[in-house]
2 protein chains.
Amino acid sequence: MDHQFIIVISLSLFTIMPHQSLIDSIEKVLTLTADEKVLLKGSFQTATAKKKDILLKEAEITKYSYFVEDGLLRMYATDNNGFDHNIQFAMNGWWMSDMLSLLNQTPASFNIEAIEDSRLLTISQPAKETLLQSIPGLNIYFRKLSENALAAYQQRFAINLSLPAQERYGKFCERYPMLIQRLPQKHIASYIGVTPEFLSKMLNRPFNQK
Amino acid sequence: MDHQFIIVISLSLFTIMPHQSLIDSIEKVLTLTADEKVLLKGSFQTATAKKKDILLKEAEITKYSYFVEDGLLRMYATDNNGFDHNIQFAMNGWWMSDMLSLLNQTPASFNIEAIEDSRLLTISQPAKETLLQSIPGLNIYFRKLSENALAAYQQRFAINLSLPAQERYGKFCERYPMLIQRLPQKHIASYIGVTPEFLSKMLNRPFNQK
DNA sequence: AGAACTGCTTAATCCAGGTTAAGTGTAAGT
DNA sequence: ACTTACACTTAACCTGGATTAAGCAGTTCT
């Protein structure tokens, strides 16, 4: 009885506390004062996206960085033949943006789409710059964020250049086990750089030999 | 006469002023006090590498970040069949490191080799952390550095997933015209993800038709 | 409940790029 | 000068993965 009651309270606290997962993410790196938290919350807007909503369209100028409070996004490029190529996914607690478009305010090369209904925090580039001046410590947070992302991209490049499709799939499963169940197979195919047909064939090869 | 004399002076000033290109790079982002410059210089060691010297070997734990004062480096992964795959090049004024190995102090996945005789500045990870605490403004510099690198990696991923070899080569020429003349063709092949034989065939196709 | 979509599979055919191997030109090393 | 070595080329053949096309659930919409 008591136990159930506590669960209800914590759930409702959660729903009336957006920004909390962002603050948690930041406080793994540095401590924020109460004032700073207020400032931080004020700099972000909450947003929701339904499955299949497009948050950023190729050729638009990127306005926002996205922080996923809950849900799942993908960023993809479209090739000359109209096929998608997934560059990155973002789930709970991850950031996503077309960095080049965001930094240089040039037209985006990528699209960002919600794969699941999602709750997001968004911050505009000017607001981010103001925020970084008000809370210089955040430079540490964003530095580490970018450094880690960079490390991941380097690894992924090595994998993509060195390994055949079968092993690229294996590495994806190792690294993102939590995504395997949530993602339609075609999106994994696009991420590892094969067609959905080929991935299907590969996964259904008897005994998965070779 | 006078003119030649000035050149000699500026050359010798240049050779007795290592760290200057690093300071220039930083001062595009923030201003350093004289004290900070001294601190900065003290945190780096100068190093030289001859063509073909290996600065980092796969499976070693990365000790240093490298800043190229002059010369040319490449970072590459070796696949199961012993073939190299170039992940990145670094020329004058660029940084290079195996980020994952550096951040987590895990065995490196990459090798770093000098393609030309090079003058380098190196900084150990502990020294970098100390330096960042002494000069917090450097967090801005390294944040921007990583953000820009990230933007470049995202773009390169889009190119690699979406375009055939011919166009990947074209994009490489657009983006790094200064490297085209300095790099042996086989290193470009490895970077864009084809064999040297195929790149050669591609470049010598009559009229370069398709 | 039926229609229309979306995600996955299977199979036949095709091709971009890999592999193997031999040859040429040039540069460095003795 | 002689040799070793490396960068690049050419050509014959091969293969991983693409393309096309059709069929088969499940799901979502009406």
Side-chain angles (χ1 to χ4, degrees), chain A residues 50-54 72 74 76-86 89 113-117 159-173 179-210, chain B residues 50-54 72 74 76 78-86 89 113-117 159-172 179-210:
Chain A
K50 291 231 155 274
K51 191 171 170 172
K52 293 203 178 170
D53 281 357
I54 301 284
L72 184 55
R74 73 181 178 116
Y76 63 96
T78 303
D79 70 21
N80 304 327
N81 307 313
F83 290 105
D84 288 356
H85 303 275
N86 290 147
F89 301 111
E113 186 201 73
I115 295 181
E116 300 174 358
D117 294 351
I159 290 167
N160 267 40
L161 290 172
S162 322
L163 302 177
Q166 178 95 230
E167 292 173 54
R168 295 204 299 274
Y169 181 77
K171 292 283 182 182
F172 184 85
C173 297
L179 283 181
I180 289 287
Q181 20 273 2
R182 274 170 86 175
L183 283 172
Q185 197 169 296
K186 63 172 184 171
H187 282 150
I188 301 174
S190 163
Y191 183 92
I192 66 174
V194 296
T195 56
E197 291 85 352
F198 186 75
L199 180 57
S200 170
K201 181 179 16 172
M202 213 176 75
L203 295 178
N204 295 316
R205 266 201 285 249
F207 302 155
N208 242 40
Q209 25 146 297
K210 157 91 211 238
Chain B
K50 289 231 155 276
K51 191 173 171 169
K52 294 201 178 175
D53 281 356
I54 302 284
L72 184 55
R74 73 182 177 115
Y76 64 95
T78 303
D79 70 21
N80 305 327
N81 307 313
F83 290 104
D84 288 357
H85 302 274
N86 289 147
F89 301 112
E113 185 200 77
I115 295 179
E116 299 174 358
D117 294 352
I159 290 168
N160 267 42
L161 290 173
S162 323
L163 301 177
Q166 178 94 231
E167 292 172 55
R168 297 204 298 274
Y169 182 78
K171 293 282 184 183
F172 184 85
L179 283 180
I180 290 287
Q181 20 272 0
R182 274 169 87 173
L183 284 171
Q185 197 168 297
K186 62 170 184 171
H187 284 328
I188 300 174
S190 163
Y191 183 91
I192 66 175
V194 296
T195 56
E197 290 86 350
F198 186 74
L199 180 57
S200 169
K201 184 180 12 173
M202 212 177 75
L203 295 178
N204 296 317
R205 266 201 284 250
F207 303 157
N208 240 44
Q209 20 140 302
K210 165 75 212 242

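Chain naming here is simple, since letters A, B, ... match the order of the sequence lines and numbering starts at 1 in each.
Listed for the A:N81 side chain is no donor-acceptor partner under 3.5 Å among the backbone atoms of A:F83. The backbone N or O of B:T78 sits nowhere less than 3.5 Å from a side-chain atom of B:D84 that would complete a donor-acceptor pair. At least one donor-acceptor pair under 3.5 Å links the side chain of A:R168 to the backbone N or O of A:L163.
Checked for salt-bridge contact, B:K50 and B:D117 meet the test: a charged N lies under 4.0 Å from a carboxylate O.
Taking atom CG of A:D117 as the reference point, atom P of D:dT28 lies 12 Å away to the nearest angstrom. Remark: C1' of C:dG17 and CZ of B:R205 are 10 Å apart, rounded to the nearest angstrom. In this structure, B:L203 places its CG atom 17 Å from P of D:dA7, rounding to the nearest Å. Rounded to an integer number of Å, the gap from CG of B:L199 to C1' of D:dT10 is 14 Å. Computed from coordinates, the B:M202 CE to D:dT10 C1' distance equals 16 Å when rounded to whole Å. Straight-line distance from the CZ atom of B:R168 to the P atom of C:dA16: 13 Å, rounded to whole Å. Across the protein-nucleic acid pair, A:D84 atom CG and C:dG7 atom P stand 11 Å apart, rounded to whole Å. Between B:I115 atom CD1 and D:dA7 atom C1' there is a gap of 14 Å when expressed in whole angstrom units.
Considering only residues two or more places apart in sequence or on other chains, B:E113 meets the salt bridge (charged side-chain N to carboxylate O under 4.0 Å, His left out) condition with B:R74.
Each end of the helix from C:dA1-D:dT30 to C:dT30-D:dA1 gets its own axis, taken as the rotation carrying the C1' atoms of four end pairs onto the next four within a five-pair window, and the two axes meet at 50° to the nearest 10 degrees.
The side chain of A:P164 sits closest to D:dG17 out of D:dG17, D:dT10, C:dG17. Comparing atom distances between the A:K186 side chain and each of C:dT9, C:dG7, C:dG17 picks out C:dG7 as nearest.
Looking only at side-chain heavy atoms (C-beta outward), B:R182 and B:F89 stay at 4.5 Å or farther from each other. Side-chain contact between A:M202 and A:V194 is absent, with no heavy atoms from C-beta onward closer than 4.5 Å. Annotation: side chain of A:L183 is not in contact with side chain of A:Y191 (no heavy-atom distance under 4.5 Å).
Here B:Q185 reaches the OP1 or OP2 of D:dT9: one of its side-chain N or O atoms lies under 4.0 Å away.
When all heavy atoms are compared, the tightest approach of B:G193 to A:L161 is CA-CD2, 3.8 Å.
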Protein heavy-atom contacts under 4.0 Å, written 5' to 3' over nucleotides 19-30 of chain C as B (base), S (sugar-phosphate only) or - (none), form the string BBB---------
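Toward the 5' end of DNA chain D, the nearer of the two residues B:K52 and B:S200, judged by each one's closest nucleotide, is B:K52.
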